[in-house]
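First up is the structure itself, then whatever we jot down about it.
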Amino acid sequence: MVRGMNSFDDSDAFEKGAALSLSARARAQAAGARAAPYLDTLNPAQRQAVESLDGPVLMLAGAGTGKTKALTCRIAHLLLTGTARPNEILAVTFTNKAAREMKERVATLMNQPVEGMPWLGTFHAIGVKLLRRHAELVGLKSNFTILDTDDQVRLLKQIIVAENIDEKRWPARQLAHIIDGWKNRAWAPDAVPAAEASAFNSRGVELYAAYQERLKTLNATDFGDLLLHVVGIFQKHEDVLAQYQRWFRYILVDEYQDTNVAQYLWLRLLAGGHKNICCVGDDDQSIYGWRGAEVGNILRFEKDFPGALVIRLEQNYRSTPHILAAASGVISGNKGRLGKELWTDAQEGEKVRLIGHWDGDEEARWIGEEIESMQNGTRGMRPFALNEIAILVRASHQMRAFEDRFLTIGLPYKVIGGPRFYERMEIRDAMAYFRVVTSPEDDLAFERIVNTPKRGLGDKAQAKIQAAARANGVPLKEGARILLAAKGLGGKGAAELRLLIDGLDRWSAAARDGANHVELAQVILDESGYTTHWQNDKTPEAPGRLENLKELVKALEGFENLQGFLEHVSLVMDNDKGDAGPQVSIMTLHAAKGLEFPAVFLPGWEDGIFPSQRSIDDQTGKVEIGREADEERRLAYVGITRAEELCTISFASNRRVFGRWQDQMPSRFIDELPEAHVEVLTPPGLYGGGYGAAAPGAMPDGVFAGSQLETKAAEANVYNSPGWRRMQARAGARGTSQPREARNMVIDATAVPAHGLGDRVFHQKFGYGAVTGIEGDKLEVAFDKAGVKKLVAKFVVAADRADDVPF
DNA sequence: GATCTCATAGTTTTT
DNA sequence: CTATGAGATC
């Protein structure tokens with residue numbers, strides 16, 4: 001979402017770069033005199049990758065092999081040897097974070113800021129720059145808007161409804177996904193192959209074309225267009241392509257294994273002349289196939305660029321030998337790899353640790369306790385600080401168990417990669433206001449805010465506005481003005497709409513007159529009633545939302561004006577909140593790519609979870625057998641290789657999936673861990689050992705003895721031990737959650753059986769509160785801090801017995 | 001037009 | 001189980 005009026009802000013990028021390059025050249029000569037010091041810090045493979053500047057190069061860089069170092073040194077080398085000027089280098093990454101990091105590291109190497117590298121950025125950011133320069137070639141104006149997925153889906157929904165298609169059977173989300181897929185493969189509407197004709201009830205292509213038309217009239221693009229349009233321009237306009245082929249004398253690509261077909265074509269076109277392209281990647285870390293990435297791109301590199309130099313970076317500087325061996329063991333199960341073998345000089349260190357638990361809660365509890373004791377040093381290991389520890393899960397819903405548990409025991413944690421700041425409702429609303437203020441013709445933004453906060457302008461009123469706008473061929477805001485003038489709207493709605501339009505006019509004028517944009521933003525939020533709207537909202541989230549709005553206004557300070565902010569935020573904004581002291585990181589395996597931690601926990605290694613059910617199904621049938629299964633295995637490889645010193649894998653025998661209890665089978669990947677590099681820990685709670693007090697050797701060697709069934713059987717033996725059976729006998733039938741029941745027995749003993757209306761109670765997580773409702777064994781409690789919750793009576797105790805509260 | 005209740009469907013996620 | 005969305009009700 002978001003707009004850019006300052007479209008040619010970089011039109012002088014080449015000139016700027018050129019100016020800077022003079023000094024760079026001077027410096028290069030000086031540096032050339034003394035041998036470049038950074039070269040001495042490289043190993044032979046890295047050095048070759050840095051010094052082989054001309055012709056196609058494929059750098060196969062395993063996890064932790066100093067890939068970013070090689071890449072940044074290569075850029076520095078291009079500059080310092082005077083081979084290329086800063087503006088002649090095209091360097092693309094996938095994330096803003098990677099781009100930022102690269103910029104910083106090049107700057108450090110060069111000992112100067114790198115503002116003169118205008119073409120270092122993400123595929124999308126560079127795509128925007130290129131597209132703004134040539135927008136007219138695809139029927140857009142250079143100040144086009146970039147829609148985010150939300151806007152995209154809403155637009156598609158409108159089209160679907162307009163076509164009288166049942167939106168329930170054919171949801172807009174699904175269509176958005178299909179269209180994304182086509183765009184990822186660089187198929188414009190007229191280029192979608194006939195084989196796809198049946199998509200979306202056979203109307204997919206037609207709707208795709210309608211959507212693209214609609215985008216054009218809105219002067220908007222979606223993310224896919226940023227690449228698709230540019231590829232289209234390059235293909236249809238030889239002169240434009242030739243120009244860029246000359247300009248970008250050296251091309252560098254990070255994470256090449258993640259490129260989709262559109263990005264691949266984009267690169268191949270640009271590199272077509274000189275072929276000075278250096279792609280860095282790791283086929284073993286390709287984990288984004290589900291969103292269009294083609295591992296094939298990297299596997300095919302040598303065919304695409306005959307005579308390419310292939311360099312393998314295999315010396316790992318991150319992990320211990322045990323960890324590397326475990327990772328290699330797992331990944332070796334994949335076929336069609338380019339093949340790398342990581343090695344290291346590092347000390348042997350701890351083996352990869354494996355532990356099974358009874359259920360998911362148990363697993364979370366154990367990890368919580370293990371982290372607690374790791375802080376002081378345990379099992380003969382050095383102490384670990386909380387920020388040295390990460391928990392990596394397959395799917396985000398697995399995080400909840402850990403959050404719950406860590407809240408309970410008060411262990412500081414942070415979730416990485418949750419909903420993005422700018423994806424939050426209140427931020428999107430606020431930005432929609434800014435959008436309408438800076439570009440009054442932005443209909444999507446207008447639709448979003450016209451009745452937010454509630455102004456008594458419902459579907460009917462909005463339909464009238466739409467009709468008025470369409471009849472006069474003007475944007476919605478003008479349509480609304482006409483409607484009001486014609487007295488086509490009555491009552492409260494009319495007055496409110498009048499107020500809104502006047503406000504928007506006023507704010508737009510203020511923005512034009514160069515009012516301070518930070519103050520203006522605050523004024524907009526206040527006068528529109530949006531701030532009040534949340535102040536009056538009594539839901540528990542409201543304070544947080546107001547807080548976010550404050551932060552948004554503060555973020556504006558870093559920009560020249562509202563337009564500049566909006567332009568930036570659509571592509572760049574992240575929500576790195578300032579850390580409040582050391583915290584354990586919780587994130588998905590996908591989010592962990594590129595990161596490293598001294599200690600890593602990998603929970604939930606169970607068939608159906610990891611590897612995911614979908615990937616298991618994929619193995620047995622259909623088109624490309626095992627494609628997704630291979631990707632899961634790469635994900636396991638990514639997970640293990642995040643660990644520097646300590647890697648702990650765990651699984652549970654029972655887990656609640658969508659509220660149902662399920663028997664879980666240990667992950668097939670566990671069988672693939674080489675036994676010599678794994679130490680099996682004893683699950684707690686067995687043999688009367690008590691939680692957290694592990695007795696050695698209880699997990700049988702059979703875990704590694706072969707088939708999965710054997711694993712399961714062996715594991716079952718543990719659980720059939722006398723102590724365990726006693727526990728089971730006490731707790732009831734097998735197959736339900738015995739430990740849970742067992743714990744609950746304790747709970748029952750301590751909990752006051754009955755709470756009455758109005759009683760003060762205490763809950764471990766939610767704190768103190770008063771009972772406001774009783775429903776069987778469930779209570780409704782209004783907590784002082786946490787708001788109103790419904791919960792099972794046995795999880796609260798009378799307030800005066802708070803010390804006894806079980807958990 | 002707004003609020004409530006019921007039904008439904010649930011990987012991974014950057015730009 | 002729980003978040004989300006659509007229909008029904010006030």
Side-chain angles (χ1 to χ4, degrees), chain A residues 1-2 92-99 121-128 146-150 152-153 157 166-168 171-174 177 180 183-184 221-228 255 258-260 262-263 286-293 360 392-401 404 416-420 422-423 425 451 453-462 491-493 496 568-574 587-594 604 608-618 628 631-632 634-635 638-639 655-662 789-792:
Chain A
M1 72 180 174
V2 170
V92 274
T93 64
F94 273 85
T95 65
N96 292 302
K97 202 172 146 216
T122 63
F123 275 102
H124 294 269
I126 292 170
V128 175
I146 305 161
L147 304 186
D148 65 10
T149 26
D150 231 71
Q152 194 188 347
V153 169
K157 199 172 195 167
D166 181 7
E167 213 268 333
K168 268 172 91 179
R173 287 214 157 278
Q174 192 193 333
H177 185 245
D180 269 351
K183 287 188 175 178
N184 283 341
T221 66
D222 60 21
F223 281 118
D225 282 342
L226 299 179
L227 297 163
L228 179 72
E255 306 282 16
D258 288 339
T259 49
N260 61 35
Q263 287 157 338
S286 162
I287 56 175
Y288 284 108
W290 50 272
R291 72 176 196 214
L392 311 182
V393 296
R394 173 67 246 264
S396 50
H397 63 80
Q398 291 172 262
M399 297 187 204
R400 194 199 224 106
D404 282 354
I416 312 268
R420 273 169 183 60
Y422 62 84
E423 278 169 7
M425 189 207 306
N451 199 31
K454 299 279 184 287
R455 295 193 172 85
L457 299 164
D459 292 347
K460 258 167 72 188
Q462 287 187 43
K492 180 168 166 274
E496 291 271 8
H568 234 74
V569 86
S570 67
L571 292 172
V572 178
M573 185 137 166
D574 21 54
M587 69 189 93
T588 63
L589 287 161
H590 284 93
K593 191 164 81 151
I609 293 192
F610 188 44
S612 70
Q613 193 55 51
R614 187 195 249 262
S615 70
I616 295 173
D617 297 344
D618 166 70
E628 293 191 35
E631 187 155 309
E632 296 286 307
R634 292 194 288 263
L635 208 42
V638 168
R655 198 176 284 277
R656 209 164 30 183
V657 184
F658 298 143
R660 291 244 157 270
W661 280 97
Q662 272 190 7
K789 307 264 180 203
K790 278 193 179 146
L791 23 84
V792 179

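Excluded from the calculations below are hydrogen atoms, water molecules and symmetry mates; all remaining heavy atoms, backbone and side chain alike, are included. In what follows, every chain begins at residue 1, and chains take the letters A, B, ... in the order their sequences are listed.
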For this session: Determine, step by step, whether A/K593 and A/F94 satisfy the side-chain contact (heavy atoms from CB on, under 4.5 Å) criterion, reporting the C-alpha distance in whole Å, the side-chain angles of both residues, the deciding distance to 0.1 Å, and the verdict.
Result: CA-CA 12 Å; A/K593 191 164 81 151; A/F94 273 85; over 6 Å; no
Exercise. Is the distance from OP1 or OP2 of C/dT4 to the nearest side-chain N or O of A/K168 less than 4.0 Å?
Worked result: no
Seminar exercise, completed: From CG of A/D166 across to P of C/dG5 the rounded distance in Å is 17 Å
For this session: Would you confirm whether A/Q462, through its side chain, and A/D459, through its main-chain N or O, come within 3.5 Å as a donor-acceptor pair?
Result: no
For this session: Check for a donor-acceptor pair, side chain of A/N184 on one end and backbone N or O of A/R291 on the other, with a separation under 3.5 Å.
Result: yes
Exercise. CZ of A/R656 versus C1' of C/dC1: gap in Å, rounded?
Worked result: 7 Å
Exercise. Roughly, in whole Å, what's the span from CD in A/Q152 to P in B/dT13?
Worked result: 18 Å
Exercise. Looking across every strand, which nucleic acid part, if any, lies under 4.0 Å from A/R455 by heavy atom: base, sugar-phosphate, or nothing?
Worked result: nothing
Exercise. For B/dT15, does OP1 or OP2 lie under 4.0 Å from any side-chain N or O of A/N96?
Worked result: yes
Exercise. Within the structure shown, what part of the strands sits under 4.0 Å from A/K183 by heavy-atom distance: base, sugar-phosphate, or nothing?
Worked result: nothing
Exercise. Can you check the A/N184 CG to B/dT13 P distance for me, whole Å?
Worked result: 17 Å
For this session: Rounded to the nearest angstrom, tell me the gap between atom CD in A/E167 and atom C1' in C/dA6.
Result: 10 Å
For this session: Remember a base hit wins even if backbone is also touched, and classify A/D258 as base, sugar-phosphate or nothing at under 4.0 Å, heavy atoms.
Result: nothing
For this session: Specify whether A/Y288 and A/H590 have parallel, tilted or perpendicular ring planes, treating 30° as the upper limit for parallel and 60° as the lower limit for perpendicular.
Result: tilted
Exercise. Starting at CZ of A/R400 and ending at C1' of C/dT2, how long is that distance when rounded to a whole Å?
Worked result: 7 Å
For this session: Would you please name every residue forming a side chain to side chain donor-acceptor pair (under 3.5 Å) with A/R394, sequence neighbours left out?
Result: A/E632
For this session: Sequence neighbours left out, what passes side chain to side chain donor-acceptor pair (under 3.5 Å) with A/D225? Give chain and number order.
Result: A/K183, A/Q212
Exercise. Which residues satisfy the side chain to side chain donor-acceptor pair (under 3.5 Å) test with A/S286, sequence neighbours excluded?
Worked result: none
For this session: Using the closest heavy atom to pick a nucleotide of DNA chain B for each, name whichever of A/G417 or A/G456 lands nearer the 5' end.
Result: A/G456
For this session: Please list, chain by chain and in numerical order, all residues satisfying side chain to side chain donor-acceptor pair (under 3.5 Å) with A/N451, sequence neighbours excluded.
Result: none
Exercise. Is there a donor-acceptor pair under 3.5 Å between the side chain of A/H124 and the backbone N or O of A/L226?
Worked result: no
Problem set entry | Nearest-angstrom distance, P atom, B/dT13 to C/dT4 | 16 Å
Polar atom pairs (N or O), protein with nucleotides 8-12 of chain B, under 3.5 Å:
from: B/dT11; atom 1: N3; to: A/R614; atom 2: NE; distance (Å): 3.4
from: B/dT11; atom 1: O4; to: A/R614; atom 2: NE; distance (Å): 3.4
from: B/dT11; atom 1: O4; to: A/E628; atom 2: OE1; distance (Å): 3.2
from: B/dT12; atom 1: OP1; to: A/S396; atom 2: N; distance (Å): 3.0
from: B/dT12; atom 1: OP1; to: A/S396; atom 2: OG; distance (Å): 2.9
from: B/dT12; atom 1: O4'; to: A/R394; atom 2: NH2; distance (Å): 3.3
from: B/dT12; atom 1: O2; to: A/W290; atom 2: NE1; distance (Å): 3.3
from: B/dT12; atom 1: O2; to: A/R394; atom 2: NH2; distance (Å): 2.5

Seminar exercise, completed: To the nearest angstrom, the CE-P distance between A/M587 and B/dT14 comes to 12 Å
Output one line per pair: protein atom, nucleotide atom from nucleotides 8-10 of chain C, and distance, for all N/O pairs under 3.5 Å.
none

Exercise. For A/G289, does its backbone N or O pair with a side-chain atom of A/E631 as donor and acceptor, under 3.5 Å?
Worked result: yes
Exercise. What integer distance in Å separates A/R291:CZ from B/dT15:P?
Worked result: 8 Å
